[in-house]
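What you see is a predicted model; the values in this text were computed from it and never measured. Every chain is numbered from 1, with letters handed out A, B, ... down the list of sequences.
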There are 2 protein chains.
Amino acid sequence: MPTLKDVALAAKVSTATVSLVLNGKNSVSPKTTERVLAAIDELGYRPNMVARSFKTKQTKTIAILVPTITNPIYPAFIHVVEMEARREGYTIILCSYDDGSGPVQTDFLEDLYDRNVDGIIVCGIFNIPKEGNTRKLERIMKAYVNRKTPFVFYSEEEQLQYFIQRSNIDMGVHAALFHTLSIDRNQASYEAVKHLVTSGHRRIALVSESTRFLFPHNIPYMKKLEGYQRALEEANIPFDDALVIAGSDDYRGGAQCFVELQNLENPPTAYVCTGDTLALGVLHAAKNSGKIVPDEISVIGFDNIPVASYWNPKLSTIAVPIETIAREAFKRLYLLMNEFESPPNRLMFDTELVIRESSV
Amino acid sequence: MPTLKDVALAAKVSTATVSLVLNGKNSVSPKTTERVLAAIDELGYRPNMVARSFKTKQTKTIAILVPTITNPIYPAFIHVVEMEARREGYTIILCSYDDGSGPVQTDFLEDLYDRNVDGIIVCGIFNIPKEGNTRKLERIMKAYVNRKTPFVFYSEEEQLQYFIQRSNIDMGVHAALFHTLSIDRNQASYEAVKHLVTSGHRRIALVSESTRFLFPHNIPYMKKLEGYQRALEEANIPFDDALVIAGSDDYRGGAQCFVELQNLENPPTAYVCTGDTLALGVLHAAKNSGKIVPDEISVIGFDNIPVASYWNPKLSTIAVPIETIAREAFKRLYLLMNEFESPPNRLMFDTELVIRESSV
DNA sequence: CTGTTAGCGCATTCAA
DNA sequence: TTGAATGCGCTAACAG
């Protein structure tokens with residue numbers, strides 16, 4: 001394969017000139033430019049991005065970390081980011097940390113550092129090392145900061161705080177590199193529960209994805225739990241921790257949780273779920289056990305994945321503007337990567353409780 | 001950030017020695033090794049993969065091309081590939097060519113070439129340039145072949161043939177670089193239709209994802225169509241092209257197709273769909289219009305995505321061993337990338353017609 | 001077993 | 001506006 005040098009030779013110019021043409025600096029005369037372009041076409045020259053990256057320290061690559069790509073909310077997010085990124089010449093490295101059998105997130109960060117990604121988007125929870133066990137994290141995050149690599153989190157401000165703190169990074173100086181996009185999970189959860197309470201429900205379950213990691217790893221879940229508790233308190237319904245349950249973040253997990261809860265002496269009549277797949281699993285299991293939705297059982301999900309409105313019955317859920325968030329995530333990363341001015345480093349998006357057929 | 005040179009200095013050895021240690025050649029004496037390791041740890045040295053790739057021409061990166069990441073079958077595929085790949089130190093670049101507004105596949109191939117990916121997995125259809133319009137494709141594919149980059153297609157042998165032919169590559173020499181994993185779509189489709197015919201259906205629709213691109217772009221679809229036609233012929237049911245219809249490859253598309261077909265004078269009683277999301281969309285629309293499934297309407301999908309068995313009613317479908325295929329896809333790519341012996345370059349997997357509640 | 005050296009392809013000085 | 005020269009960090013001969 002021809003290199004830039006070959007092009008220079010063919011066009012009878014220096015490599016510097018070819019480079020200038022390639023990078024669109026218009027300091028090259030029209031006819032020289034034309035000669036170079038002709039040579040490029042003639043030889044079928046393709047620039048070697050690895051060499052370029054090696055030189056410039058920019059890979060035009062960003063990484064997306066997601067918990068489980070099999071939860072439909074993440075493909076929706078990824079898809080938007082990919083479209084936006086590609087438009088600007090960036091390519092996506094996908095990291096899903098999924099079932100726990102793979103590497104932990106710190107390992108991802110190390111690998112991505114070695115690969116010189118230009119920016120990182122982190123979705124959802126982040127497994128933050130324990131106090132006193134942060135050496136690896138500290139090192140890698142300081143290296144990132146040193147390199148001015150920007151991060152955008154779709155998570156919770158508070159979680160980012162812990163992350164930064166454990167990384168022992170000086171936020172006074174580096175705050176601008178870390179953006180958080182979030183939604184008011186506490187309020188969203190509160191509203192869902194309140195809606196159920198208003199309809200007369202007293203036994204309301206909270207079904208969530210695995211809670212193996214909690215504080216400070218899973219602040220998004222903690223927020224939802226708080227909203228749930230707040231609504232109960234307000235309605236003078238005593239908190240019953242038997243009604244707070246977790247399963248794998250998929251249909252099966254939801255179904256299992258339902259079965260388990262139905263075995264209680266005084267089973268719940270309403271289910272608030274931290275994700276739509278869980279909620280749909282609950283609906284499935286409810287139907288299996290002969291329960292009528294919403295007459296006997298009410299279910300509310302979270303996220304509003306596409307399938308929610310196609311289900312039978314249509315799922316009531318909390319709609320999250322995931323595409324808008326995804327677009328904003330890349331936009332901010334882009335501004336940061338190119339050292340343009342960027343807005344304040346936190347932004348909260350509105351959610352909306354959408355009542356359809358699965359709840360009364 | 002410290003470089004290999006810094007490590008060499010600190011350990012009082014040459015850069016070559018550090019490199020040897022780093023790459024696990026055990027030609028270095030234990031105590032030297034230890035000194036080097038100590039220096040690495042001391043300095044917090046991290047290898048620069050870009051520099052390494054620049055030198056070795058290996059990026060430890062593979063690309064996955066999928067049509068629409070929002071169709072749940074692809075996340076399932078991607079997830080398995082990612083797990084397998086990461087275990088071997090490879091990272092995934094995701095390319096979804098989705099809604100047509102983005103780049104065409106040839107452009108992806110160019111970008112990936114420039115980025116020096118070590119191997120490529122292509123799922124589904126491939127938009128092959130017209131005869132006489134293949135210059136770009138030829139060039140890029142010849143460059144890939146020249147570099148010995150392996151490809152694994154989850155598609156149809158025939159489609160690969162066209163692709164190779166248009167690329168003007170000498171298959172006599174390079175066949176081993178191109179593997180095809182496939183399923184017998186013709187037969188699967190045939191069996192689905194036959195099952196419906198046996199149950200007494202005479203008006204059977206074929207609902208597919210957009211057929212904007214057909215031969216030779218969408219051989220997978222062509223195969224399904226052939227199986228459909230074969231089963232009809234065998235049952236002496238005349239082919240009616242009003243019953244062959246396409247929509248966007250999602251729930252909405254399926255729902256729209258159903259509505260359209262119901263407006264026919266003599267609407268179908270059974271729906272064979274080329275994907276589960278389409279089938280679920282059909283079920284949704286059927287319910288909306290008051291049709292009873294499976295008493296009045298039968299529906300069969302394709303792929304057996306996770307949600308299929310959780311639907312109400314549970315979807316009858318053709319089960320595809322997508323995880324096995326994904327595992328095999330990476331395995332072959334891996335063997336090829338590392339120039340190990342690999343099996344014959346085509347393999348067909350079995351599918352299974354799973355009758356659940358949506359069909360009689 | 002270890003050190004010396006060359007060079008991968010490119011962008012970017014600095015001169016001319 | 002263009003050319004010559006330098007070096008990014010690493011691996012792989014080759015020599016010792």
Side-chain angles (χ1 to χ4, degrees), chain A residues 1-40 43-61 89 113-118 143 146-147 338, chain B residues 1-40 43-61 89 113-118 143 146-147 338:
Chain A
M1 275 285 96
T3 69
L4 185 145
K5 202 173 163 187
D6 299 320
V7 174
L9 237 54
K12 297 186 202 307
V13 295
S14 75
T15 59
T17 305
V18 179
S19 179
L20 288 174
V21 172
L22 246 45
N23 293 288
K25 322 279 185 200
N26 33 6
S27 67
V28 181
S29 75
K31 42 183 185 183
T32 311
T33 302
E34 202 174 341
R35 247 195 5 263
V36 170
L37 257 24
I40 287 174
L43 298 174
Y45 168 78
R46 303 247 86 218
N48 181 331
M49 288 216 16
V50 177
R52 181 180 287 171
S53 297
F54 177 48
K55 180 70 184 167
T56 62
K57 308 295 171 211
Q58 301 217 353
T59 52
K60 287 280 187 178
T61 302
Y113 179 84
D114 298 345
R115 289 173 181 274
N116 240 288
V117 296
D118 295 341
N146 194 43
R147 202 188 254 174
N338 295 282
Chain B
M1 274 285 97
T3 70
L4 185 146
K5 202 171 162 186
D6 298 322
V7 175
L9 237 54
K12 296 184 203 306
V13 295
S14 74
T15 59
T17 304
V18 179
S19 178
L20 288 173
V21 171
L22 245 43
N23 293 287
K25 323 280 185 199
N26 33 7
S27 66
V28 181
S29 75
K31 42 183 183 183
T32 312
T33 302
E34 200 173 344
R35 244 192 12 260
V36 171
L37 259 22
I40 286 174
L43 298 175
Y45 167 77
R46 301 248 86 215
N48 181 333
M49 288 218 12
V50 177
R52 181 179 288 171
S53 297
F54 177 48
K55 178 70 183 168
T56 63
K57 308 296 169 209
Q58 302 216 354
T59 51
K60 287 280 188 179
T61 302
Y113 180 84
D114 298 345
R115 290 173 180 274
N116 240 290
V117 296
D118 294 343
N146 193 43
R147 202 188 254 175
N338 295 282

**Request:** Under 4.0 Å between any heavy atoms, over every strand shown, what does Val50(B) touch: base, sugar-phosphate, or nothing? Just pick one.
**Result:** nothing
**Asked** Tell me, which of residues 15-24 of chain B have any heavy atom that sits under 4.0 Å from an atom in DNA chain C?
**Response** Thr15(B), Ala16(B), Thr17(B), Leu20(B)
**Asked** Which distance, rounded to the nearest 0.5 Å, do you find between the CG of Asn116(A) and the NZ of Lys57(A)?
**Response** 6.5 Å
**Prompt:** For DNA chain C, which nucleotides open and close the run of contacts to chain B, 5' to 3', at under 4.0 angstrom from a non-hydrogen atom?
**Reply:** dC1(C) to dG9(C)
**Request:** Only pairs at least two apart or in different chains count here, so list each side chain to side chain donor-acceptor pair (under 3.5 Å) that has a residue in residues 7-23 of chain B.
**Result:** Ser14(B)-Thr17(B), Ser19(B)-Asn23(B)
**Fill in**
side-chain contact (heavy atoms from CB on, under 4.5 Å) filter on Ser53(A), not counting sequence neighbours, yields Thr59(A), Val50(B)
**Request:** For a side chain to side chain contact (heavy atoms under 4.5 Å, CB included) with Val13(A), tell me which candidate from Thr32(A), Leu20(A), Val21(A) qualifies.
**Result:** Thr32(A)
**Prompt:** For Lys31(A), which residues count as a side-chain contact (heavy atoms from CB on, under 4.5 Å) partner, sequence neighbours excluded?
**Reply:** Ser29(A)
**5'-most by nearest nucleotide on DNA chain D - Arg35(A) or Phe54(A)** = Arg35(A)
**Complete:** Nearest-nucleotide check on DNA chain C, Lys55(B) vs Lys55(A); residue mapping nearer the 5' end is Lys55(B)
**Complete:** Taken in chain and number order and not counting sequence neighbours, the residues that satisfy side-chain hydrogen bond (donor to acceptor under 3.5 Å, both in side chains) with Thr61(B) are Arg115(A)
**Message:** Taking ring-ring contact (aromatic ring centres under 6.0 Å, His included) as the definition, give me every residue that meets it alongside Tyr45(A), ordered by chain and number, with sequence neighbours left out.
**Reply:** none
**Message:** Mind checking if Thr32(B) touches a base, just sugar-phosphate, or nothing, with heavy atoms under 4.0 Å?
**Reply:** sugar-phosphate
**Message:** Can you give me the first and the last nucleotide of DNA chain D (5' to 3') that has an atom within less than 4.0 angstrom of a non-hydrogen atom in chain A?
**Reply:** dT1(D) to dG9(D)
**Message:** List the residues meeting salt bridge (Lys or Arg N to Asp or Glu O under 4.0 Å) with Arg46(A), not counting sequence neighbours, and say none if there are none.
**Reply:** Glu110(B), Asp114(B)
**Prompt:** Starting at the 5' end of DNA chain C, which residue's closest nucleotide do you reach first, Ser29(B) or Arg46(A)?
**Reply:** Ser29(B)
Residues 1-8 of chain A, side-chain donor-acceptor partners within the protein, below 3.5 Å, at least two apart:
from: Thr3(A); atom 1: OG1; to: Lys5(A); atom 2: N; distance (Å): 3.2
from: Asp6(A); atom 1: OD2; to: Thr3(A); atom 2: N; distance (Å): 2.7

**Prompt:** Arg35(A) and Val28(A): side-chain contact (heavy atoms from CB on, under 4.5 Å), yes or no, with the steps?
**Reply:** CA-CA 11 Å; Arg35(A) 247 195 5 263; Val28(A) 181; over 6 Å; no
**Asked** How far apart are the closest heavy atoms of Leu22(B) and Arg52(B), and which atoms are they?
**Response** CD2-NH2, 4.2 Å
**Asked** Between the two ends of the helix from dC1(C)-dG16(D) to dA16(C)-dT1(D), what is the bend in degrees, rounded to 10 degrees, where each end axis spans five pairs?
**Response** 30°
**Request:** Kindly state which residues belonging to residues 4-12 of chain B come within less than 4.0 angstrom of DNA chain D, counting heavy atoms of the residue only, listed by number.
**Result:** Leu4(B)
